[in-house]
*Asks:* 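First, the structure itself, so that you have it in front of you.
Everything quoted here is computed from the prediction, not taken from an experiment. Heads up: numbering here begins at 1 and tracks the sequence.
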Amino acid sequence: MSRKSYHALALLLLLGFAATLTPVRADEEEADSEDDDYEIEDLRAHLVVRKDVKEDTVVEGNELAVVVTIYNQGTSTASDVDVKDSFSEESFTLKEGSINFHVEKISPGSEESFEYVLLPKVNGPVSFKQATVTYMPGGTSDSKQMATSTAAVALILTSHDYVIRSILVAGSYATLGIFKTARQWQQIGIFLALAVLLIGGNWMWSSLSDARSTHRRKKALEELKKE
């Protein structure tokens, strides 16, 4: 093989090797670009909203406090945070606070909360709608994001139901949790009533039998004395 042929072959081999490296380099650059996009995308606020009632069981006519807590678990500051909540006006009356709330900023890892107080107008189990939160997440986003809270549930009792519930709770503690419901106490009440009836009936029968025996002995003694 001549020197020119050798140089031509070496050049072809180098070009072929370079051609195989080019796609790899392009793939690496594309992967780096995707990583950069992911990092930019990840630099955002992410709000988690929780809605609770301070006491899940209240007596009708007493106050019920509702608390909405907003936590930023993202990596950027949330701004222009607006909270909008609601409740059934047929079931409650707003006594204190507001169901709408605004926060300028919530830093990463921090939280904000607000509270309002309702007066129940009905009794029984009630459920609350989710609160809605809109905010600017930061990062590359120029539009507001929305988050919704967890739902909350409460039980509104009448004064009579509250007394019954308190008695059942006390009875459950007294019996180490054996009797918890009104039905269980009704059943044990029937059992005790039957037991008392049986024991009392047996005592009365025994008393009557003893009285008859005493009367017969006394009568027999009187007849012996007459003889």
*Asks:* Please answer whether the main-chain N or O of A131 pairs with a side-chain N or O of S149 as donor and acceptor at a distance below 3.5 Å.
*Replies:* yes
*Asks:* For S88, does its backbone N or O pair with a side-chain atom of S91 as donor and acceptor, under 3.5 Å?
*Replies:* no
*Asks:* Examine V53 and I70 and state if one hydrophobic cluster contains both, with Ile, Leu, Val, Met, Phe, Trp and Tyr joined whenever side-chain heavy atoms are less than 4.5 Å apart.
*Replies:* yes
*Asks:* If hydrophobic clusters are built by linking Ile, Leu, Val, Met, Phe, Trp and Tyr wherever their side-chain heavy atoms come under 4.5 Å apart, do L43 and M136 end up in the same one?
*Replies:* no
*Asks:* With a 3.5 Å distance limit and no angle check, can you tell me whether N72 reaches the backbone of H46 through a side-chain donor-acceptor pair?
*Replies:* yes
*Asks:* Return the OG1 to CZ distance between T69 and R50, rounded to the nearest 0.5 Å.
*Replies:* 8.0 Å
*Asks:* Just to verify, what does E60 make a salt bridge (charged side-chain N to carboxylate O under 4.0 Å, His left out) with, not counting sequence neighbours?
*Replies:* none
*Asks:* Please check if L118 and V67 belong to a single hydrophobic cluster, counting links between Ile, Leu, Val, Met, Phe, Trp and Tyr side chain heavy atoms closer than 4.5 Å.
*Replies:* no
*Asks:* I'd like to check the side-chain hydrogen bond (donor to acceptor under 3.5 Å, both in side chains) partners of E63; sequence neighbours left out, ordered by chain and number.
*Replies:* K95
*Asks:* With a 4.5 Å cut-off on side-chain heavy-atom distances among I, L, V, M, F, W and Y, is there a chain of contacts connecting L94 to V68?
*Replies:* yes
*Asks:* Kindly check if the number of other-residue, nucleotide or ligand heavy atoms within 6.0 Å of CD (E55) is above 12?
*Replies:* no
*Asks:* Under the side-chain hydrogen bond (donor to acceptor under 3.5 Å, both in side chains) test, which residues partner K144, sequence neighbours left out?
*Replies:* D80, D82
*Asks:* Less than 4.5 Å apart, any side-chain heavy atom of T75 and any of R44?
*Replies:* no
*Asks:* For K121, give me all partners under salt bridge (charged side-chain N to carboxylate O under 4.0 Å, His left out), at least two apart in sequence or on another chain.
*Replies:* none
*Asks:* Between L47 and A78, which heavy-atom pair has the shortest distance, and what is it?
*Replies:* CD2-CB, 3.9 Å
*Asks:* With sequence neighbours left out, write down each residue that passes side-chain hydrogen bond (donor to acceptor under 3.5 Å, both in side chains) with D85, or none if nothing qualifies.
*Replies:* K51, Y116
*Asks:* Going by the ring-ring contact (aromatic ring centres under 6.0 Å, His included) test, which pairs reach into residues 60-105, not counting sequence neighbours?
*Replies:* F92-F128, F101-F114
